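Data block below; observations after.
Starting from 1, each residue takes its place in the sequence as its number. Values reported hereafter were calculated over all heavy atoms of this structure, with side chains retained and with hydrogens, waters and symmetry mates removed. Bear in mind the structure is a predicted one, so any value in this text is a computation, not a measurement.
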Amino acid sequence: QGRFALLDQERRALIAAEATLALLRLADVARTDYAARKARRAALDYDDLIVKAAALLFGQGSDAAGAAQWVPYKLDEGLDHILVEEAQDTSPMQWRVIRGLAEEFFSDTAGRGSATGARTVFAVGDEKQSIYGFQGAAPHMLGESGSYFAGHARGASHTWNDVSLTLSFRTTTPVLDAVDSVFADPVRTPGVARELGALRHESSRQGHAGLV
């Protein structure tokens, strides 16, 4: 029986390996064809825009030579506010672009760079709701980027606020208590920032029933 179980396990592994190789071959053909079609049309997709924006900001690649200083300078004349919505689904490359765009915000004690008026960064997100891992979402970077910007803001004598939104209008206390219990263990939830302490939610729907 033991030998049969091992043989069956090996058979299943070989089937999985064969299917995986077939999938990789199909994916390679699809990606190659997709890249060729984009090149023929001189088209850019969503990922291309992110990569090329980073290249322009940081002078990477042959198409960005000499632009690393000129691009931020030109942007600095008209960029006053950066809003990052659904920040828990922002990828490392996107955060790099955001940090690059905001670099001049903290270049002097007035925070104005070459522009006039106060400049601000606002990010809102909830790591627990991150669902775009297939696009490279890095929920842990919401907290890391918050610390990064907080340090730069305080270093330039700017105001910085960490605002924890704990009041839920969507669901009831038993459900929120269950969520808080699951996310209380940092081993299970490495993507959740802990800078503001343990997660604690309260419901606006007092007296409403709920069951988990």
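With values rounded to the nearest 0.5 angstrom, F183 atom CZ is found 11.0 Å from R188 atom CZ. I98 CD1 to L57 CG: the interatomic distance, rounded to the nearest 0.5 Å, is 11.0 Å. In this structure, S204 OG and R170 CZ are separated by 11.5 Å, a value rounded to the nearest 0.5 Å. Considering CZ of F149 and CZ of F105, their distance stands at 8.5 Å, rounded to 0.5 Å. For the atom pair OG (S147) and NE2 (H152), the distance works out to 12.0 Å, reported to the nearest 0.5 Å. Considering CD1 of I15 and CD of E10, their distance stands at 11.5 Å, rounded to 0.5 Å.
Minimum interatomic distance between V212 and P174 (heavy atoms only, all atoms of both residues): CG2-O, 3.8 Å. The two residues L142 and W95 have their closest heavy-atom pair at CA-CZ2, 4.0 Å. G125 and Q88 make their closest contact through CA-OE1, 3.2 Å (heavy atoms, listed as atom of the first residue, atom of the second, distance). When every heavy atom of A87 is checked against every heavy atom of V84, the shortest pair comes out as CB-CG1, 3.8 Å. W160 and A153 make their closest contact through CE3-CB, 3.9 Å (heavy atoms, listed as atom of the first residue, atom of the second, distance). Summarising the geometry of T189 relative to D185, their closest heavy-atom pair is OG1-O, 3.0 Å, with the distance given to 0.1 Å.
Heavy-atom neighbours of L14 CG from other residues, nucleotides or ligands within 6.0 Å: above the threshold of 12. Counting non-hydrogen atoms of neighbouring residues, nucleotides and ligands closer than 6.0 angstrom, the CZ atom of R11 exceeds 12 such neighbours.
Side chain of D180 to backbone of D177: no donor-acceptor contact under 3.5 angstrom is found. Checking side-chain atoms of R154 against main-chain N and O of T159 turns up no donor-acceptor pair under 3.5 Å. Using modelled atom types, no side-chain atom of S203 and backbone atom of Q206 make a donor-acceptor pair closer than 3.5 Å. Remark: the backbone N or O of D126 is not paired with any side-chain donor or acceptor of Q129 at under 3.5 angstrom. A side-chain donor-acceptor contact under 3.5 Å links D89 to the backbone of Y132. With hydrogens and angles disregarded, a donor-acceptor distance shorter than 3.5 Å links the side chain of D45 to the backbone of D47.
Residues M93 and Y46 fall within the same hydrophobic cluster, defined by Ile, Leu, Val, Met, Phe, Trp and Tyr side chains chained together at heavy-atom separations under 4.5 Å.
Using a 4.5 Å cut-off on side-chain heavy atoms (C-beta onward), K128 and V179 make contact. Looking at heavy atoms from C-beta onward, Q9 lies in side-chain contact with L6 at the 4.5 angstrom threshold. Using a 4.5 Å cut-off on side-chain heavy atoms (C-beta onward), L79 and E104 make no contact.
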E85 vs V124, side-chain contact (heavy atoms from CB on, under 4.5 Å): CA-CA, chis, key distance, verdict: CA-CA 6 Å; E85 168 70 321; V124 58; 2.9 Å; yes
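Side-chain contact annotation: S145 with R99, donor-acceptor N/O pair under 3.5 Å present. A side-chain N or O of Q94 and one of S91 form a donor-acceptor pair less than 3.5 Å apart.
Between D28 and R25 no salt bridge is recorded (no basic side-chain N to carboxylate O distance below 4.0 Å).
Considering only residues two or more places apart in sequence or on other chains, T120 meets the side chain to side chain contact (heavy atoms under 4.5 Å, CB included) condition with H81.
At least one cation-pi condition fails for R205 and F169: the charged atom is not both under 6.0 angstrom from the six-membered ring centre and inside a 45 degree cone around its axis.
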